[in-house]
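Before any comments, here is the structure.
Chain A is the first sequence line, chain B the second, and so forth, proteins listed ahead of strands; every chain is numbered from 1.
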Number of protein chains: 2
Amino acid sequence: MARRKISNTLALAVLGLLREQPMHPYEMASTLRERHKDGSFKINSGSLYDTVEALVRHGWIEPVETAREGRRPERTVYATTELGQSEFVDWIDELLRTPVAEYPKFMAAVSYLGALGPDRAAEALAERAGHLVERIEETGAVLADTVGSGKVPRLFMIEVECALHAWEAELAWTRRTIDEIRDGSLFWPTFERTAEGWTWSAPADRKGTAG
Amino acid sequence: MARRKISNTLALAVLGLLREQPMHPYEMASTLRERHKDGSFKINSGSLYDTVEALVRHGWIEPVETAREGRRPERTVYATTELGQSEFVDWIDELLRTPVAEYPKFMAAVSYLGALGPDRAAEALAERAGHLVERIEETGAVLADTVGSGKVPRLFMIEVECALHAWEAELAWTRRTIDEIRDGSLFWPTFERTAEGWTWSAPADRKGTAG
DNA sequence: TGGCGTATAGTCGGAACCGACTAATAGGAG
DNA sequence: CTCCTATTAGTCGGTTCCGACTATACGCCA
């Protein structure tokens, strides 16, 4: 399976917007922010203009007008091509069907949870849990104010619900892990170097060896 | 809060490994794979060597030996410095405490779920659910074979449990959403351009408009 | 014994990404 | 009316990242 020509999902957002109307890049960025899509797409001016150029190179979008108001910088307005629209749909389809490996920073840190020792680890996770609660509340408020009040159809913000669900799961895992650390059910081994390699202390008289 | 000097978490993995023993980069990569840490860290030879160089530049690790066997390419063996070790712990602490925005591809695709239409969307999500089930089963088998059989302390693979939990949550959301699409409880509006902007069809006689 | 596949170890050039910067205008405070 | 800030619009250069590539050595089967 050949890799996609463009992999930055910001390009997906651009194609999605241009389905509605021709637009210039700056307007794309502000529209995405207005619609709270900046939680799903990393909007960065530099990347955005690079992405738009790449889309033009592949013939998925094309410039339709370059206007100038006063002596402000020129604005180039883009529109999608038919190729762009069909690629848009195919791309979404593929992204939905096939899970790909992601490498969240949190997972990396959890990998070395042991390095903090049980007390500091539990404390750090507790702080994270607090931040997650805030984030979940804020997101809930946003949903209430948009979908909840009927301003926006639910389908148009379904990804926010999805993210919310993911954070709730992370919060649940975090809390459970804090409890397991505190009540000792997550055993905390200690390392030691021996002649044959590494040894760690084990609960219930079990001894393990590696290397 | 100043940004970290090194942001690639692969550097974290390197620091973690060198805590045990001096090593050369190739060995780091194979050790990480052996320990199933390649699900939490994106291991890429190019990035790895770049990362190691960056760590040396910052004084977090240092070369301790350059050996050569036969006419094979030279191997440079590295060890951590004390600075490196303290940065390692601080970095983990920070990553655990502070959630940062991540932009998974799935979230991007879900943002434009509407573009597929209800039938294709449900079908695509169903395929994903199948892949997730496989992945969850495989991961469960790995855990059973390592932690379950007492070969490895649970703490050393805790991030695998964390990832498993996240996939299970994603699977649950995916299944729920498929159901909601199929039974019509996730209403699927249609767009139309009017003089004043955009209009979408709404359930129960409600009409929405956007600028 | 010669040829093929795999493991070892690392290099390199280009693509992608980022965020600080420029520069003009509009809007409000005093 | 002038100064200050926010908004609009986009540019640019440096860093990071990636994966295809090189090159040697080893095992094994025919």
(message) Given C:dC18, C:dT11, D:dG19, identify the nucleotide with an atom nearest to the side chain of B:Asn44.
(response) D:dG19
(request) Look at all strands and tell whether B:Thr51 reaches a base, only sugar-phosphate, or nothing, counting heavy atoms closer than 4.0 Å. (result) nothing
(message) Whole angstroms only, please: what is the OH-C1' distance between A:Tyr78 and D:dA9?
(response) 12 Å
(message) Nearest whole Å is fine: how far is C:dA9 C1' from B:Arg33 CZ?
(response) 12 Å
(message) Closer than 3.5 angstrom, by distance alone: can the side chain of B:Glu102 be matched with the main-chain N or O of A:Lys105 as a donor-acceptor pair?
(response) yes
(message) Looking at A:Arg128 and A:Glu170, is any side-chain nitrogen of the basic one under 4.0 Å from a carboxylate oxygen of the acidic one?
(response) yes
(message) Tell me the interatomic distance from B:Met23, atom CE, to C:dA9, atom C1', rounded to whole angstroms.
(response) 15 Å
(request) Record whether the side chain of A:Ser45 comes under 3.5 Å of the base of C:dA20 through a donor-acceptor pair of N or O atoms. (result) yes
(request) Any pair with a residue in residues 8-31 of chain B that passes side-chain hydrogen bond (donor to acceptor under 3.5 Å, both in side chains), sequence neighbours left out, goes on the list, sorted by first then second residue, please. (result) B:Glu20-B:Arg35
(request) Could you tell me whether the side chain of B:Arg120 reaches within less than 4.5 Å of the side chain of A:Val89, counting heavy atoms only? (result) yes
(message) Is A:Asn8 close enough to C:dA16 that one of its side-chain N or O atoms is under 4.0 Å from OP1 or OP2 there?
(response) no
(message) Is B:Tyr26 close enough to C:dT8 that one of its side-chain N or O atoms is under 4.0 Å from OP1 or OP2 there?
(response) yes
Contacts table for residues 161-168 of chain B: side-chain donor-acceptor under 3.5 angstrom, sequence neighbours left out:
unit_1	atom_1	unit_2	atom_2	d
B:Glu161	OE1	B:Arg154	NE	3.4
B:Glu161	OE1	B:Arg154	NH2	3.0
B:Glu161	OE2	B:Arg154	NE	2.8
B:His165	NE2	A:Ala169	O	3.3

(message) Treating A:Lys151 as the side-chain partner and A:Asp145 as the backbone partner, does any N or O pair qualify as donor plus acceptor under 3.5 Å?
(response) yes
(message) Under a 3.5 Å distance rule, please check whether A:Ser40 uses its side chain to pair with a backbone N or O of B:Ala108 as donor and acceptor.
(response) no
(message) Between P on C:dA15 and CD on A:Glu53, what's the gap in Å once rounded to a whole number?
(response) 13 Å
(request) Would you please confirm or rule out a distance under 4.0 Å between OP1 or OP2 of C:dG10 and any side-chain N or O of B:His24? (result) yes
(request) Rounded to 10°, tell me the angle between the two end axes of the helix from C:dT1-D:dA30 to C:dG30-D:dC1, each built from five pairs. (result) 10°
(request) Quickly work out the B:Leu48 CG to C:dG10 P distance and round it to whole Å. (result) 9 Å
(request) Please state how far atom CG in B:Asp50 lies from atom C1' in C:dG13, giving the value in whole angstrom units. (result) 12 Å
(request) Grab the CZ-C1' distance between B:Phe41 and D:dC17 for me, whole Å please. (result) 17 Å
(message) Taking the minimum atom-to-atom distance to the side chain of A:Arg75, which one of D:dA9, C:dT11, C:dC17 wins?
(response) D:dA9
(message) Quick check on DNA chain C: between A:Ala54 and B:Gly46, whose nearest nucleotide comes earlier from the 5' end?
(response) B:Gly46
(message) Given 3.5 Å as the limit, does a donor-acceptor pair link the side chain of B:Ser86 with the main chain of B:Leu83, or not?
(response) yes
(message) From C-beta outward on A:Tyr49, which listed nucleotide comes closest to its side chain: C:dA16, C:dC18, D:dA9?
(response) D:dA9
(message) Just to be sure I understand the rule, does A:Ser30 reach a base, reach only the sugar-phosphate, or reach nothing, if contact means heavy atoms closer than 4.0 Å?
(response) nothing
(message) Between P on D:dT15 and CG on B:Leu10, what's the gap in Å once rounded to a whole number?
(response) 20 Å
(request) For C:dC17, take OP1 and OP2 only and decide whether either is under 4.0 Å from a side-chain N or O of A:Lys42. (result) no
